[in-house]
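Working notes, beginning with the structure itself.
When reading the values below, keep in mind they use all heavy atoms of this one structure, side chains included, and skip hydrogens, waters and symmetry mates. Every chain is numbered from 1 and lettered A, B, ... according to where its sequence line falls, protein lines coming before strand lines.
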Amino acid sequence: MTLEQALQQALNGLSFGALLFVLAAGLSLIFGMMDVVNLAHGAFYMLGAYVALSVTRITGSFWIALLVAPLVLGLLGLVIEPLLLRRLRGRHLDQVLVTIGLSLVIVDFIRLRDDWGWGATVRSLPFPAGLDHSIPIAGSDYPVYRLFVIGFGIALAVVLALVHRRSRIGALVRAGVGDAQMLSALGVDTDRLFTVTFAIGAALAGLAGVIAAPVFGLQPGMDTDALIYSLIVVVIGGLGSLGGAVAGSAVVGPGDTFGKVLVPQFALALIFAIMALVLLFRPTGLLGRIRIGR
Amino acid sequence: MIEIHGLARDFGGIRALAGVDLVVAEGERRAIIGPNGAGKSTFFNVITGELRATSGTMCLAGTDLAPLTVWQRARLGLARMYQRNELFDPLSARDNVVLALTLRGGAYRPLRSPTRAEQAGADAILDQVGLAGREATPAQALSHGERRQLELALALARRPRVLLLDEPTAGMSPAETERITRLIASLDRSLTLLIVEHDMDVVFRLADRVTVLHEGRAIVEGTPDEIRGDTQVHDVYLGKAVEA
Amino acid sequence: MRRATLVRLGVVLAFWLLLVTFPQWSAEWASSRYAAGIIRQILIFAIFASSLNLLVGYGGLPSLGHAAFFGGGAYAAAIAAQRLGTDELVVSMGAAILGSALLALVIGFLAVRAVGIFFLMLTLALAQMVFAIAFQATDLTGGSNGFSGVHRPTVFGADLGAASDLYVLVSVVFLLVVLLLWRVTTSSYGQALVGVRENERRMRALGYDTRTLKLSAFTLAGTLAGVAGALAAYEFRFVSPNDVALGTSVTGFVMVLVGGAGTLVGPFVGAAVVLVIERVLPSQLPIQTLLGIVFILFVVFARQGIVGAARALAGRVRA
C-alpha cells in the first residue's frame with residue numbers, strides 16, 4: 001500500500017469510526033442507564049435514514065432532514081419507553097426481547113411503505129449541496145462529505161462530553177448509570193429519566209442513520225448491519241460509557257476499514273474475533289463500567 | 001483437617017485478609033468471630049473458591065485447595081450454608097434437596113430420573129432440619145426461618161466433611177435461632193464445622209474453639225471461656241486499635 | 001416406568017400416529033396436500049424450536065445465534081450430498097449432525113464463558129460470523145445465491161422424494177427428537193440444567209461443573225437444530241445464508257416464547273402459530289409486523305406462553 005492509499009484508508013477509517021461513534025453512543029447510553037441492550041437500535045438507525053430520505057425529497061434540504069429525523073426518532077422513543085419498557089422494569093431480558101419485537105415491526109413497516117418511496121428497493125440519498133465534491137489530499141481526491149462526518153463525530157463527542165460533565169441532565173445520567181435505584185431513593189423521577197434517556201438514544205441512532213445514508217445507501221438488512229456493528233463497538237469499548245463508545249469506534253472504525261483492504265476475506269472474522277476476545281477476558285470492555293453480575 | 005497459613009486477599013488497595021493462620025482438627029467446631037469489616041465473609045469466599053487468594057496456602061485433609069475450582073472443592077467434601085439464602089426458588093423443597101443429593105455418589109448418571117430412593121433421602125434430610133410436611137412447597141413460598149432450614153438442608157445433603165456456616169442465625173427470631181442452634185448442635189461429631197457468627201450465645205453453645213478476626217488477621221484463638229476473658233478481644237470489639 | 005409416565009407416553013404415541021397418518025385420513029379433503037405440507041414445515045421448525053427451548057427454557061441461556069446450527073446443518077447436509085455424490089440419508093443427515101455438533105461445540109466453548117446479556121451478545125456475534133462465512137464462501141455454499149438443487153434423501157436406494165415420503169421421515173424424526181428431549185428434561189441432567197438456570201452459584205457450591213453442563217446442553221441443542229436444518233434442506237431443496245441469519249434465530253426465539261418456554265409441548269405450539277401466520281394467512285397482511293406484535297404482546301402479558309398460560313388456567317380451574 002502506498003502512503004497516499006494508506007492516508008486515504010486512514011481517513012476512511014476515521015470517518016467510519018466517527019459514524020460508529022454516533023451510532024454506538026445511543027446504545028451505550030441506554031444500556032448504561034437502564035441495563036437494556038436495545039436490539040431495536042439498528043431499526044431506529046434505519047428509520048432515521050428513511051425519514052431523512054422523505055424529508056430531503058419534500059424539502060430538498062439535507063440539513064433539515066438532519067434535524068427532523070432525530071426528532072422523529074426521539075419522539076418515537078418517548079412513546080415507546082413508557083408504553084413497552086416501563087411495565088417490564090426489572091425484567092431485563094424481557095425488555096431486550098421486547099426491543100426485538102419492536103425491530104421486527106419497524107423494519108417490516110419500512111419494507112411495506114412503497115407508497116412513501118421507501119419499500120424494499122435500494123434507495124440512495126444524495127450528498128448535501130456543498131459537500132458533494134472532492135478535494136485533493138495527498139495527491140488524490142477525497143470526498144469532502146467523509147471529512148464532514150469526521151468533524152461531525154468529533155463535534156458530537158465534545159458536545160455529549162460537555163453535557164455529560166457539566167449539565168444537570170448529564171449529572172443525572174452519570175448517577176443513573178452508576179446506581180439507578182439509589183437515584184430513585186433520593187427522590188429523582190427515574191421513570192422520566194429512563195424515558196428521556198431512551199429517547200435520546202433513539203435520536204442518536206436516527207442521527208447516525210441520516211449521516212450514514214449518503215455513503216451507504218438505504219436497503220433491507222441495513223438494520224442488522226448497524227446493530228451488529230454497534231454491539232461490537234460497545235462491547236469492545238465498554239458498555240455504558242461515552243468513553244467506551246469512543247474507544248470502541250476508534251478500534252473498530254479503522255480496524256474494519258484496514259481489515260477490508262488488507263485481508264478482505266478475514267476482515268469480518270477479525271472484528272468478531274476481537275469482540276469475542278474482549279467479551280471473554282474483559283467483559284466490561286476497554287473502558288466500560290463493571291456490570292458482570294447481571 | 002483444615003490447614004490455612006498466611007491467607008491473604010487484596011481488593012485493589014484494601015487488604016481484606018492480611019495473612020490468616022488457621023488450623024482446625026477433624027470433628028472440631030470452630031467459631032470465627034470479629035467486628036464488622038474484619039474479613040469474615042471474604043475468608044469464607046476464599047476458602048470455597050469464589051474468590052481467589054492473593055497469597056497463602058489452604059489445605060483440606062491434606063489436599064491443596066488453591067488450584068481447585070469451586071465445584072471441585074465442593075466435591076472434596078466442602079459445603080457451605082450461605083448467609084443470604086441461595087436456593088432454587090421455583091422448585092419444591094424436596095427438589096431443592098434432590099439436586100444436592102444427586103451428586104452425592106460422585107459422577108451422576110445423567111439420563112435417569114431422580115429415583116424414589118433419592119426422593120426419600122431428600123425427605124429424610126428435610127425431616128432432620130425440621131421441614132417435615134413442607135416437602136412439596138416451593139422454596140419461594142417458605143417463611144424466612146424455613147428457608148434458612150432449607151439452606152442448611154442443602155449444605156447437609158451432600159454429606160460433607162467440612163461445613164462452613166455463614167451466620168446461620170442471621171435475621172432470625174429467638175425461637176428460630178433456638179431451633180437452628182439445637183439442630184447444628186445435634187449434627188454428627190464427625191463433621192468439621194466452621195461457624196461465622198455474631199450471636200455470642202450461639203457461639204458459646206456450639207464452639208469448641210474460637211478464632212477472632214480483626215482487620216484481616218487472626219489475632220486471638222482459644223476456647224470460648226478464654227476468649228470471653230481476653231482483653232484484646234474486648235478492645236477490638238470496642239474499637240480500640242490493637243497491635244496485631 | 002411409572003404409570004403416569006406410561007399414560008403420557010401412550011397419549012404422545014397416539015397423537016403421533018394420528019399425525020403421521022394425516023395424509024391418509026384427510027385424503028378426501030381438497031387442501032389435504034397443502035395442509036400436509038404445512039404440517040411438515042411445522043414439525044421441522046418444532047424440532048428447531050424445541051432444541052432452542054432446551055437452552056432458553058430449561059437452561060436459562062438466551063441464545064440469539066441458534067440459526068447458525070440450523071443453517072449449518074442444512075449446508076452440511078446439502079454440501080455432503082453433493083460432494084460425496086450420494087443422496088443416502090445416513091450420509092447427509094450424518095454430515096448435518098456432525099457439522100452442527102462441531103460448530104456448537106466451538107461456539108459453545110466460547111459462549112458459556114459469558115453470562116446473561118453477554119452470552120446473548122456473544123451468541124449473536126458468533127452466529128453472524130457464520131453468516132458472513134456462508135455469504136462469502138461462494139464456492140462451497142453458493143454465496144448469496146444460495147445452494148439450490150438439494151435432493152431429497154434416499155434410504156438404501158429408496159427415494160424419499162415424494163412429499164408423502166418426506167412427511168413420514170419428518171414425522172419419525174420429530175417423534176425421536178421429542179422422546180429424546182422428554183428423557184433429557186425429566187432426568188437428573190435436565191434437573192441440573194434447571195438448577196443452573198435458577199441459581200448457578202449454588203449449583204457450583206453443590207459440586208456441579210456448571211460450565212460443562214452448559215456446554216453439553218449447548219452442543220446437544222445445536223446438534224438437534226442441525227437435524228432440523230437438514231430436514232429443511234430436504235423440504236425446500238434449497239439452502240441460503242438466510243437460514244443462518246439473525247432473522248431465523250429470532251423466529252426460533254419467537255416460537256419458543258409464544259409456545260411456552262420450559263415446557264415440552266410449547267415449541268410445537270409456537271412453531272404452529274408462527275408458521276400458520278407466515279404461510280397460511282394471506283400474504284397481503286404484514287407478516288413480520290404481525291409476528292413482532294404477537295411477540296411483544298406475549299413478552300409483556302403472557303410470558304409463560306400459550307402452554308404456560310393454559311397450565312396456569314387449568315391449575316386455577318382445579319383449585
- line: Smallest heavy-atom separation, C:Gly207 atom then B:Arg75 atom, equals O-NE, 2.7 Å
message: Tell me whether C:Arg204 is salt-bridged to B:Glu86, with the criterion being a basic N under 4.0 Å from an acidic carboxylate O.
response: no
query: Would you say B:Leu154 and C:Arg202 make side-chain contact, with heavy atoms under 4.5 Å?
result: yes
Validation: residues 263-274 of chain C side-chain donor-acceptor distances under 3.5 Å, sequence neighbours left out:
{"from": "C:Thr263", "atom 1": "OG1", "to": "C:Gly260", "atom 2": "O", "distance (Å)": "2.8"}
{"from": "C:Thr263", "atom 1": "OG1", "to": "C:Gly266", "atom 2": "N", "distance (Å)": "2.9"}

field: Distance-minimising heavy-atom pair for C:Ala205 and B:Tyr82
entry: CB-OH, 3.4 Å
task: Would you mind reporting whether B:Trp71 and C:Met203 have side-chain heavy atoms less than 4.5 Å apart?
output: no
- request: Name the region of B:Glu50, side chain, backbone, both or neither, that has any atom closer than 4.5 Å to a heavy atom of chain C.
  value: side chain
task: Identify which of B:Ala74, B:Ala79, B:Ala155, B:Gly49 forms the greatest number of heavy-atom pairs closer than 4.5 Å to chain C.
output: B:Ala74
Give every donor-acceptor pair under 3.5 Å between a side-chain atom in residues 100-118 of chain C and any protein atom, sequence neighbours left out.
{"from": "C:Ser100", "atom 1": "OG", "to": "C:Ala96", "atom 2": "O", "distance (Å)": "2.7"}
{"from": "C:Ser100", "atom 1": "OG", "to": "C:Ile97", "atom 2": "O", "distance (Å)": "3.4"}
{"from": "C:Arg113", "atom 1": "NH1", "to": "C:Phe109", "atom 2": "O", "distance (Å)": "2.7"}

message: Check this for me: B:Arg179, atom CZ, are more than 12 non-hydrogen atoms of other residues, nucleotides or ligands nearer than 6.0 Å?
response: no
message: Within the supplied structure, the quantity of interest is the number of heavy atoms (other residues, nucleotides, ligands) at a distance under 6.0 Å from C:Arg8 CZ; does it exceed 12?
response: no
query: So, do C:Gln191 and B:Val98 sit near enough that their side-chain heavy atoms are less than 4.5 Å apart?
result: no
query: C:Asn199 versus B:Leu87: any side-chain heavy-atom pair under 4.5 Å?
result: no
query: Counting N and O atoms only, with roles assigned by atom type, does the side chain of B:Arg158 sit under 3.5 Å from a partner on the main chain of C:Leu206, one being a donor and the other an acceptor?
result: yes
query: Would you say C:Tyr208's side chain and B:Ala100's backbone share a donor-acceptor pair under 3.5 angstrom?
result: no
